Amino acid sequence: MRPAPARRARAAAADTACVEAVELALEAAREVAAPSEVGEPLGHAVEGDRVVTHYFACTDAGYKGWRWAVTVTRASRAKNVTVSEAVLLPGEEAVMPPAWVPWLERLRPGDMGPGDLLPTAADDARLTPGFTQPEDEQTDRQATWELGLGRARVLSPEGRDQAAERWYEGTAGPRTPIATSAPAQCSTCGFFIPLAGDLRQLFGVCANAYVPDDGRVVAVDHGCGGHSEAVEVPSAAEAPPLILDEMAYDQFPED
């Protein structure tokens with residue numbers, strides 16, 4: 001048995017009375033737009049059976065490219081046309097605001113200030129429960145390496161990798177101008193304090209009070225001019241070289 005052919009949607013026919021109701025739509029647009037003025041007609045569109053939308057230009061300087069849209073309709077077997085709605089809609093040349101972005105996606109590093117709160121979603125992939133009850137008798141790996149010790153959640157492997165990539169590609173990585181011109185890497189500096197755990201192999205904290213990265217996480221192959229072995233400072237008590245004039249002589253009186 002052959003399936004019945006799909007029915008095509010019937011195009012709505014333009015209702016003559018609704019199409020000719022331009023003056024009615026214009027009065028409705030003027031009533032809504034007041035005290036602004038409504039411009040010339042911009043045509044109409046058939047929305048459905050006995051439903052037509054008339055468009056008029058918007059003359060307000062603050063809404064360039066917008067247009068007034070007035071929808072009129074007529075009930076079945078009725079002669080009178082009535083206004084359904086009148087609104088201001090953007091046209092193709094209208095100036096529109098950018099697409100709305102959720103606040104969590106708009107945040108950037110450094111946006112938080114004193115008193116600000118940043119809620120973390122319950123399903124944040126960067127975090128994992130501080131303790132996971134093992135399903136078998138074997139010790140749970142997460143509990144072995146990071147119990148949390150009072151923290152409900154700790155950094156997940158994904159969160160750790162994101163932080164490592166962010167730090168390494170940022171101002172504490174090896175590609176910054178201060179690092180490329182450094183005499184040596186942070187890994188050989190006496191002010192370098194390695195981090196604990198898996199991040200120890202790649203990052204540490206700078207403890208030199210005289211450099212920009214003091215108290216900040218730096219990569220092992222980062223560097224700056226404050227390296228502990230950058231230069232040898234001469235001793236302040238070092239004596240100047242002896243100058244001996246071998247060409248002069250002294251005159252002694254004769255006895």
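We count residues from 1, following the sequence as given. In this text the structure is predicted, and so the values were computed from the model without any measurement.
Residues that satisfy the side chain to side chain donor-acceptor pair (under 3.5 Å) test with Arg175, not counting sequence neighbours, are Glu169. Qualifying side chain to side chain contact (heavy atoms under 4.5 Å, CB included) partners for Arg216, counting only residues two or more places apart in sequence or in other chains: Asp213. Applying the salt bridge (Lys or Arg N to Asp or Glu O under 4.0 Å) rule to Arg74 yields the partners Asp15; only residues at least two apart in sequence or on another chain are considered. The side chain to side chain donor-acceptor pair (under 3.5 Å) test applied to Asp214 returns no partner, not counting sequence neighbours. By the ring pair (Phe, Tyr, Trp, His ring centres under 6.0 Å) test, Phe203 pairs with Trp167, sequence neighbours left out. Every residue meeting the side chain to side chain contact (heavy atoms under 4.5 Å, CB included) condition with Ser156, not counting sequence neighbours, appears here in chain and number order: Thr128, Glu158. For the side chain to side chain donor-acceptor pair (under 3.5 Å) test, no residue two or more places apart in sequence or in another chain qualifies with Thr176. A search for salt bridge (Lys or Arg N to Asp or Glu O under 4.0 Å) contacts involving Arg160 returns Asp198, not counting sequence neighbours.
For Gly173 against Ala219, the heavy-atom pair with the smallest separation is CA-CB, 4.3 Å. For Gly226 against Val211, the heavy-atom pair with the smallest separation is CA-CG1, 3.8 Å. Residues Arg50 and Thr73 share a closest heavy-atom pair of O-OG1, 2.9 Å. Pairing each heavy atom of Tyr55 with each of His44, the nearest pair is CD1-CA, 4.2 Å. When every heavy atom of Cys206 is checked against every heavy atom of Val218, the shortest pair comes out as N-CG2, 4.3 Å. In terms of heavy atoms, Gly223 sits closest to Ala182 at C-CB, 3.4 Å.
Expressed to the nearest 0.5 Å, how far SG of Cys224 lies from CG of Asn208 amounts to 6.5 Å. Here the CG atom belonging to Asp161 is positioned 9.0 Å from the CG atom belonging to Leu155, to the nearest 0.5 angstrom. The OG1 atom of Thr53 sits 3.5 Å away from atom CD of Glu47, with the distance rounded to the nearest 0.5 Å.
Here the side chains of Cys189 and Glu229 are not in contact, with every heavy-atom distance at 4.5 Å or above. Considering only heavy atoms from C-beta on, Val220 comes within 4.5 Å of Phe192 through its side chain.
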Donor-acceptor contacts under 3.5 Å from residues 81-99 side chains, at least two apart:
none

Distance-only check: which donor-acceptor pairs under 3.5 Å involve side-chain atoms of residues 16-42, not counting sequence neighbours?
from: Glu27; atom 1: OE2; to: Arg30; atom 2: NH1; distance (Å): 3.4
from: Ser36; atom 1: OG; to: Asp60; atom 2: OD2; distance (Å): 3.4

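For residues 56-102, the pairs satisfying ring pair (Phe, Tyr, Trp, His ring centres under 6.0 Å) are Tyr63-Trp66, with sequence neighbours left out. Among residues at least two apart or in separate chains, there is no ring pair (Phe, Tyr, Trp, His ring centres under 6.0 Å) pair with a member in residues 207-231.
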Worked verdict on Phe191 versus Val205 for side-chain contact (heavy atoms from CB on, under 4.5 Å):
CA-CA 8 Å; Phe191 297 107; Val205 177; over 6 Å; no

